[in-house]
Number of protein chains: 2
Amino acid sequence: MSDAASDTPAPLPPSPWERGRPARSRVTPARVPLSRVRVVEAAFVVLDRQGLDGLSMRQVAAELGVTVSALYAHVSSKADLLELMYTRLFVGFDLPEPDRERWQEQLRDFARSVRRRLLSHRDMARISMAHVPFTAELLPHVEALLAIFRTAGLPDRISAEAGDLISTYINGFVLEEGMWQDRAAADEAGGSSLARPDWREMAGEMQNYFASLPEEDYPHLRALSGLMVTDSSDDRFDIGLEIILRGLASYLPDPAPSPPSQ
Amino acid sequence: MSDAASDTPAPLPPSPWERGRPARSRVTPARVPLSRVRVVEAAFVVLDRQGLDGLSMRQVAAELGVTVSALYAHVSSKADLLELMYTRLFVGFDLPEPDRERWQEQLRDFARSVRRRLLSHRDMARISMAHVPFTAELLPHVEALLAIFRTAGLPDRISAEAGDLISTYINGFVLEEGMWQDRAAADEAGGSSLARPDWREMAGEMQNYFASLPEEDYPHLRALSGLMVTDSSDDRFDIGLEIILRGLASYLPDPAPSPPSQ
DNA sequence: TCACTTGGCGAACGCTGTTCATTAAGATAT
DNA sequence: ATATCTTAATGAACAGCGTTCGCCAAGTGA
C-alpha cells in the first residue's frame with residue numbers, strides 16, 4: 001500500500017487461458033501451510049472476538065480461510081485445541097528462584113502475573129478452570145510454586161495444598177470478573193443502544209440494589225454494599241490474596257524472638 | 001402399595017366400549033401435568049446419569065416422556081433451567097445465627113455443608129461456578145455469611161471479600177474432585193474392562209508419576225508426591241479451609257491480652 | 001513419466017438449543 | 001347442548017455444532 005509500483009506486479013485475476021491452474025496458487029504466492037501453532041493462533045483470535053461460546057471449529061477454520069476438516073490434521077479434537085490454548089497461555093512465564101525472605105512478594109508477583117495472563121484473553125479463566133496443570137509443559141510451574149512454599153519453611157502438608165488453593169483463587173476470581181463483563185455486554189446488546197451501559201454502570205446498579213434491601217433482613221449486605229462491588233477489581237484481588245498469604249504465614253515456625261527492629 | 005385393597009378399585013385397562021375417551025386418561029389416572037419443578041427434577045436425574053455434557057433439553061424431555069418443545073412452556077431456556085438447578089441445590093440450607101465466639105466452627109460447618117451439597121449431584125460444581133449467588137433466593141445465604149464475618153469482628157473490607165474467597169474455594173475444590181472422577185471414568189470406559197480402575201487407582205498412578213520425576217528438576221514435587229493426591233479429599237479440603245480461616249483470623253483486633261489459659 | 005505422499009476439500013452423520021404453526025382436551029359461557 | 005376460549009403438548013423445522021470419510025490436486029523422489 002505504501003511503497004507500491006515496484007517490480008512485483010499487482011496480482012491480476014487469472015485470465016481465462018490459465019483455467020487449468022486454479023487462481024489461488026498465484027494469488028497467495030507461497031501459501032503458508034497450516035500448522036498446529038497457526039490453528040492455535042486463529043483460535044485465540046476467534047476467542048477474543050466471539051468468546052468461548054462462539055469458539056467453534058468452524059469459526060477457527062473460517063478465520064484461517066480453510067475448511068473444518070483441515071483442522072483435524074493438526075489438532076485431534078476441540079478438547080485438544082483448548083488444552084493447547086491453555087498450555088500456550090503460560091509459555092515464557094518466568095519462574096522465580098525461591099527466596100526464603102521474599103516468599104510473600106514472590107507469591108504476589110506470581111498470582112498477579114497469572115491473573116494478567118488470564119485477563120489477556122476473553123473467557124480464558126473458563127478454559128483454565130477446566131484443566132489441571134499436571135501436563136509436561138506446566139509441571140515446572142507447579143514445581144516453582146512448591147519451591148517457594150517449602151523454602152519459605154511451610155510444613156509439607158500445607159505446601160501441598162497451598163498451590164491448589166492459590167490457583168483456585170486466581171481462576172475463580174478472574175472467572176467472576178469475566179462474568180461481570182459478559183453480563184454487562186449482554187445487557188448492552190439487548191438494551192438501549194445509546195449510552196453503552198459499560199461494566200461500571202452495572203456495578204453501580206448492583207450497589208444500589210444492595211443498598212436498597214430491607215434493613216432488618218439484610219443489615220450486613222447493606223452495610224457492605226459499597227465494598228462488595230468496587231471500581232477496581234485489582235484491590236479486591238489483592239485483599240483476597242493477602243488473606244491467603246496471612247493464613248499461610250501462620251504456619252511458619254515462630255521466628256526467633258527478634259529485637260524490635262523498627 | 002402397603003395398605004391396598006381399599007375401596008378405590010385397581011385401574012383396569014379400558015374396555016373396548018369406551019374407545020371414545022382415549023386410554024391414557026385412565027391408565028395414567030390423573031396424568032400429572034408438567035411443571036417447573038418436574039422439569040427440574042428430571043434434569044437432575046439426567047444430570048446424575050449422564051453428566052453435564054449429556055444434559056440436553058431433549059434428554060430431559062425424554063426423561064419426562066414428553067417432547068422438547070413442551071419444556072419451553074415451563075422453562076425459558078437451558079440457561080434458565082441450569083439456574084433453577086443451581087438455586088434448588090440450596091433450598092432448606094440452614095443458616096446459622098452468628099455467634100461471635102464460634103465463628104470458625106460456623107464457617108467450617110457452612111463450607112462442609114456446601115461441599116456436601118455440591119457433591120450430591122454429578123458436575124454440580126461446574127454449574128455452580130457459572131453462577132453468582134446474587135439472586136433473590138440466595139441473597140439470605142450471602143447475608144448469613146457476611147453476618148458471621150462481621151459479628152466475628154472482621155474489618156468490613158475483609159468481610160466483603162471473604163465470602164467470595166470461601167465460595168470460590170469450595171467450588172474450585174469440588175470442581176477438581178469431579179475432574180478426577182471424570183478422568184477415571186473416561187479411562188475406565190476406554191481401557192481394559194476388567195478390574196475397574198476406580199478413582200483411587202488413578203491417584204496411585206499420579207503419585208508414582210510424581211515420584212518418578214527427575215530428582216534435580218523436581219525435588220519438591222517428588223518430596224510432596226505422597227501428599228498432593230491423597231485417598232480422602234476430606235482432609236485436603238479441611239486443610240485449605242483452615243488456611244483461609246487462619247488468614248481471616250489474622251485480621252481480628254488483638255484480643256485483650258488474656259491470662260495464658262492453656 | 002510414474003508412483004506415492006501430503007494437505008486440504010466437501011459432503012455427510014447425528015447431535016444441539018430454540019421457534020412456530022397446529023392439534024387435542026378441558027373449562028366456560030351461551 | 002352447543003359454541004367459544006384457554007391451555008398443554010405436539011412435531012416439524014432451522015441453523016449450528018463436533019467429527020469422520022472418501023476424494024482430489026499439488027508436490028516429491030525414482
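Just so it is clear, the model here is predicted, and its values are computed rather than measured. Letters A, B, ... mirror the listed sequences (proteins, then strands); counts begin at 1.
- Pairs of residues two or more places apart, or lying in two chains, that qualify as side chain to side chain donor-acceptor pair (under 3.5 Å) and include a residue from residues 129-145 of chain A are A/Thr135-A/Glu137, A/Glu143-B/His220.
- Distance CG/B/Asn171 to CD1/B/Ile127: 11.5 Å, rounded to 0.5 Å.
- For DNA chain C, the neighbouring residues in residues 48-58 of chain A, judged by any heavy atom under 4.0 Å, are A/Arg58.
- A heavy-atom distance below 4.0 Å to DNA chain C is reached by these residues of residues 69-77 of chain B, ordered by number: B/Ser69, B/Tyr72, B/Ser77.
- Under the 6.0 Å cut-off for aromatic ring centres, A/Phe237 and A/Tyr169 qualify, their centroids lying closer than that.
- To the nearest angstrom, C1' of D/dC17 lies 15 Å from CG of A/Leu81.
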Practice item. Show your working on ring-ring contact (aromatic ring centres under 6.0 Å, His included) between A/Phe110 and A/Phe93 and close with a plain yes or no. Key: CA-CA 9 Å; A/Phe110 182 92; A/Phe93 194 102; 5.5 Å; yes
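- If you take CG on B/Asp123 and CG on B/Asp53, they are separated by 6.5 Å, rounding to the nearest 0.5 Å.
- No salt bridge links B/Arg112 with B/Asp234; every basic N to acidic carboxylate O contact stays at or beyond 4.0 Å.
- The aromatic ring centres of B/Phe210 and B/Tyr218 sit 6.0 Å or more apart.
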Exercise for review: Tell me, with the steps shown, if A/Leu82 and A/Leu55 meet side-chain contact (heavy atoms from CB on, under 4.5 Å).
Suggested key: CA-CA 10 Å; A/Leu82 290 177; A/Leu55 174 60; 3.9 Å; yes
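- Here D/dT10 is the nucleotide among D/dC17, D/dT10, C/dC9 with the atom lying nearest to any side-chain atom of B/Val66.
- Rounded to whole Å, the distance from CD on A/Gln59 to C1' on D/dG18 is 14 Å.
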